[in-house]
Chemist: 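Shown below is the structure under consideration.
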Protein chains: 2
Amino acid sequence: MPERKPRADAVRNRESVLAAADRLFATCASPEDVTMADIAAAAGVGKGTLFRGFEDRTGLIRALYESRLEPVRHAIAEGPRPLGPGAPPAERIPALLDAVLCFKLDHRHLSVALEGTGSDSPYRAAHYDWWHGTLRDVLEQLPGFTDGDFTAHALLAAVRADLVDHLADRRHVSRERLRADLAAFTARVLGGS
Amino acid sequence: MPERKPRADAVRNRESVLAAADRLFATCASPEDVTMADIAAAAGVGKGTLFRGFEDRTGLIRALYESRLEPVRHAIAEGPRPLGPGAPPAERIPALLDAVLCFKLDHRHLSVALEGTGSDSPYRAAHYDWWHGTLRDVLEQLPGFTDGDFTAHALLAAVRADLVDHLADRRHVSRERLRADLAAFTARVLGGS
DNA sequence: CTCTTAAGCGGACCGCTGGTCCGTATCGTA
DNA sequence: TACGATACGGACCAGCGGTCCGCTTAAGAG
C-alpha cells in the first residue's frame, strides 16, 4: 500500500483553510462574495495551497460541508431512534426530514454555497444520492408505497438550502414554525391524519 | 406621459437577440457554455446592444423566459377549466402543477438557466412570487388548509428546473412517468383517497 | 546534528467572463 | 436634405478561478 503519511504543515494548513472558509462563508451575505483569494488570505496561505489541497472551489466547499455533515450522517446510519435504522418508517421519515431541515438551518451558508455552486447541479453530488437513497428505502418500507423514488426527491426538494434560507432570512419564518410546517407537510404526504 | 416609441432597428435587434439566445441555450449542454459574446455574435449585433437592451445576463434570460411563459400565465389567469380561475381547487391544483412541470420540461434549458443564474436565488424572482401566490390562494380555498403558504413552496420545489432536468435527462424518466408521479404526489398532499 | 530529498509552498501569471464606454452610424422628422 | 436624438459595436477593463514553477522546509538516514 503506497499510503504516505502527509507532512505536518500540510495538515495544519488544511485545517486552517477549512476554518477560514467556514468563517468567511458565515460572515458574508452571499457565497459569491467569498473568493478563493479571500480564503487563502484569511487562512494565511497561498492560493496554490488551496487548489492543491481541494482540487477546485467546489471541492473545497464540499470538503467543508461533508465535515460538518458527518455527525448527522453517523446518527442516521447507526444512531438510536428515531433517526437510526431501528425506528419504524412512520417515525423515522419525519425525523430524517427534520434532521435535514435543522442541518440546513444551522449551516445555511455552507448549504447555499454548495447547492448553488455554478452549474454543478446539486443532483450530481454524491451526498444527494445518499440522502435520496436512504429516504427512498425507508419510504418503500411503508405498505402500499410504489413511487418512493419520486416522493423522496419531492420531499428533499422541500428542504433545499435556498428555499430554507429564503424562508428563514428573507421571510423571517422562525425555526420552530418551519419545523412544524415541514412536519405537517410530511404527515400529509405519508397519508393524512 | 413620456412614452417614446422605440426605433425600428432597436426592435428588430431585440427580437434577433432573443431568438439567438433561445437557440443557443437549447443547443448547448450547460447554460454556462453560452456566453454573452456568443449570443451577440449569433444575433449579429455588438455586445453593447445586449447590455443596453437587457441590463445584464440575468435580465436577458428573464426576458426570454417570461416571453415563453406568457401563454401559460394567460391560461391560468383567465383561461378555461381546469387551469383557469373557474375550476374548483381540487381540480385546479393538480392542473397548475402539471402545467408547471410541462413548461419546465419543454423549456428545460431556459428554466435551468434562470434558476441557476449565479447567486440570484430563484426565490427573489418576481415570477416565483406570482406562482407561489396563485398556488397558495387556491390551496387555501380547500377546507381545513391552514398552511397553504408552506405547502405551496413545497409543491413548487418538487418541480424545480434542475430536479426536472435531472430526472428527465440524467435518469431518463419519461415525460408521462414524471407527470404521473407528480400527480400521485399532489394527490397525496391534497388528502389521500 | 547534518545531509539529502521530495513534498509542500506561494504568488505572479493566464485565459476568460460579465460589464462599460464613447466615437460613429442610423433612424425619424420637418 | 439637414439635423438631433437614439442606438450601435467592439476595444477595453476589472476580477474571477485556476496553473506553474523556483524556492522552502519537514523528516528520515547516517
Side-chain angles (χ1 to χ4, degrees), chain A residues 1-21 24-25 28-65 112-120, chain B residues 1-21 24-25 28-65 112-120:
Chain A
M1 64 194 297
E3 272 304 295
R4 270 298 217 313
K5 114 170 139 182
R7 260 167 59 165
D9 55 347
V11 175
R12 220 180 322 128
N13 278 332
R14 192 182 169 88
E15 288 310 307
S16 178
V17 166
L18 285 175
L24 285 179
F25 279 122
C28 297
S30 162
E32 314 239 322
D33 296 347
V34 180
T35 72
M36 294 301 268
D38 289 341
I39 298 174
V45 304
K47 239 175 32 155
T49 303
L50 256 60
F51 288 94
R52 195 168 332 92
F54 300 97
E55 187 82 1
D56 57 11
R57 182 174 226 264
T58 302
L60 198 169
I61 298 174
R62 187 171 307 165
L64 189 49
Y65 183 88
V112 171
L114 183 61
E115 290 186 19
T117 189
S119 69
D120 276 15
Chain B
M1 61 195 296
E3 273 304 293
R4 272 297 220 312
K5 112 167 138 181
R7 261 168 56 165
D9 54 347
V11 176
R12 217 180 326 127
N13 278 333
R14 191 182 169 87
E15 289 311 307
S16 178
V17 166
L18 285 176
L24 285 180
F25 279 122
C28 296
S30 161
E32 314 238 321
D33 296 345
V34 181
T35 73
M36 294 301 268
D38 290 339
I39 298 174
V45 304
K47 241 176 27 155
T49 303
L50 257 60
F51 288 94
R52 197 171 327 94
F54 300 95
E55 187 83 2
D56 58 11
R57 183 173 224 265
T58 303
L60 198 167
I61 297 174
R62 188 172 305 167
L64 188 50
Y65 183 87
V112 172
L114 183 61
E115 291 186 19
T117 187
S119 70
D120 277 16

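Throughout, protein chains are lettered first and strands after them, A, B, ... in sequence-line order, and every chain is numbered starting at 1. Remember, predicted model here, so these are calculated numbers, not experimental data.
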Chemist: Could you give the angle between the helix axes at the two ends of the helix from dC1(C)-dG30(D) to dA30(C)-dT1(D), with five pairs per end, rounded to 10 degrees?
Modeler: 10°
Chemist: Going by the rule salt bridge (Lys or Arg N to Asp or Glu O under 4.0 Å), which residues pair with Asp9(A) if we only count those two or more places apart in sequence or in a different chain?
Modeler: Arg7(A)
Chemist: Among residues 39-46 of chain A, which residues get a heavy atom nearer than 4.0 Å to DNA chain D?
Modeler: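 Here the set is empty: none.
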Chemist: Could you list all the side-chain hydrogen bond (donor to acceptor under 3.5 Å, both in side chains) pairs where at least one residue sits in residues 50-60 of chain B, not counting sequence neighbours?
Modeler: Thr58(B)-Thr117(B)
Chemist: OP1 or OP2 of dA7(D) versus the side-chain N and O atoms of Asn13(B): is any pair under 4.0 Å?
Modeler: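 No.
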Chemist: Provide a list of protein-nucleic acid N or O atom pairs under 3.5 angstrom, restricted to nucleotides 16-20 of chain D.
Modeler:
from: dG17(D); atom 1: OP1; to: Arg57(A); atom 2: NE; distance (Å): 3.0
from: dG17(D); atom 1: OP2; to: Met36(A); atom 2: N; distance (Å): 3.0
from: dG18(D); atom 1: OP2; to: Arg57(A); atom 2: N; distance (Å): 2.8
from: dG18(D); atom 1: N7; to: Lys47(A); atom 2: NZ; distance (Å): 3.0
from: dG18(D); atom 1: O6; to: Lys47(A); atom 2: NZ; distance (Å): 2.4

Chemist: Under 3.5 Å between N/O atoms: give me all the protein pairs with nucleotides 27-29 of chain D, atom names plus distance.
Modeler:
from: dA27(D); atom 1: OP1; to: Ala8(A); atom 2: N; distance (Å): 2.9

Chemist: Can you give the donor-acceptor pairs under 3.5 Å from side chains of residues 39-47 of chain A to other protein atoms, not counting sequence neighbours?
Modeler:
none

Chemist: Mind checking the CG-CG spacing from Leu18(B) to Asn13(B)? Nearest 0.5 Å is all I need.
Modeler: 11.0 Å
Chemist: What is the distance from atom CZ of Arg62(B) to atom OH of Tyr65(B), rounded to the nearest 0.5 Å?
Modeler: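 One gets 11.0 Å once the value is rounded to the nearest 0.5 Å.
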Chemist: Collect all protein-nucleotide pairs involving nucleotides 1-3 of chain C in which both atoms are nitrogen or oxygen and the distance is under 3.5 Å.
Modeler:
none

Chemist: Not counting sequence neighbours, which residues clear ring pair (Phe, Tyr, Trp, His ring centres under 6.0 Å) with Phe51(B)? List them please.
Modeler: none
Chemist: Measure across Phe25(A) and Pro31(A) and return the closest heavy-atom pair with its distance rounded to 0.1 Å.
Modeler: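 It is CE2-O, 3.8 Å.
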Chemist: What residues, two or more places apart in sequence or in another chain, satisfy ring pair (Phe, Tyr, Trp, His ring centres under 6.0 Å) together with Phe54(B)?
Modeler: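 Ring pair (Phe, Tyr, Trp, His ring centres under 6.0 Å) list for Phe54(B), sorted by chain: empty.
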Chemist: Tell me whether the OP1 or OP2 atom of dA7(D) has a side-chain N or O from Thr49(B) closer than 4.0 Å.
Modeler: no
Chemist: List for me each residue that meets side chain to side chain donor-acceptor pair (under 3.5 Å) alongside Asp38(A), sequence neighbours excluded, and say none if there are none.
Modeler: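 So Asp38(A) forms a side chain to side chain donor-acceptor pair (under 3.5 Å) with Thr35(A).
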Chemist: Could you state the CZ-C1' distance from Arg14(B) to dT6(D), rounded to the nearest angstrom?
Modeler: 16 Å
Chemist: In this structure, how many angstroms lie between the P atom of dG18(C) and the CZ atom of Phe54(B), rounded?
Modeler: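 Nearest whole value for this atom pair: 15 Å.
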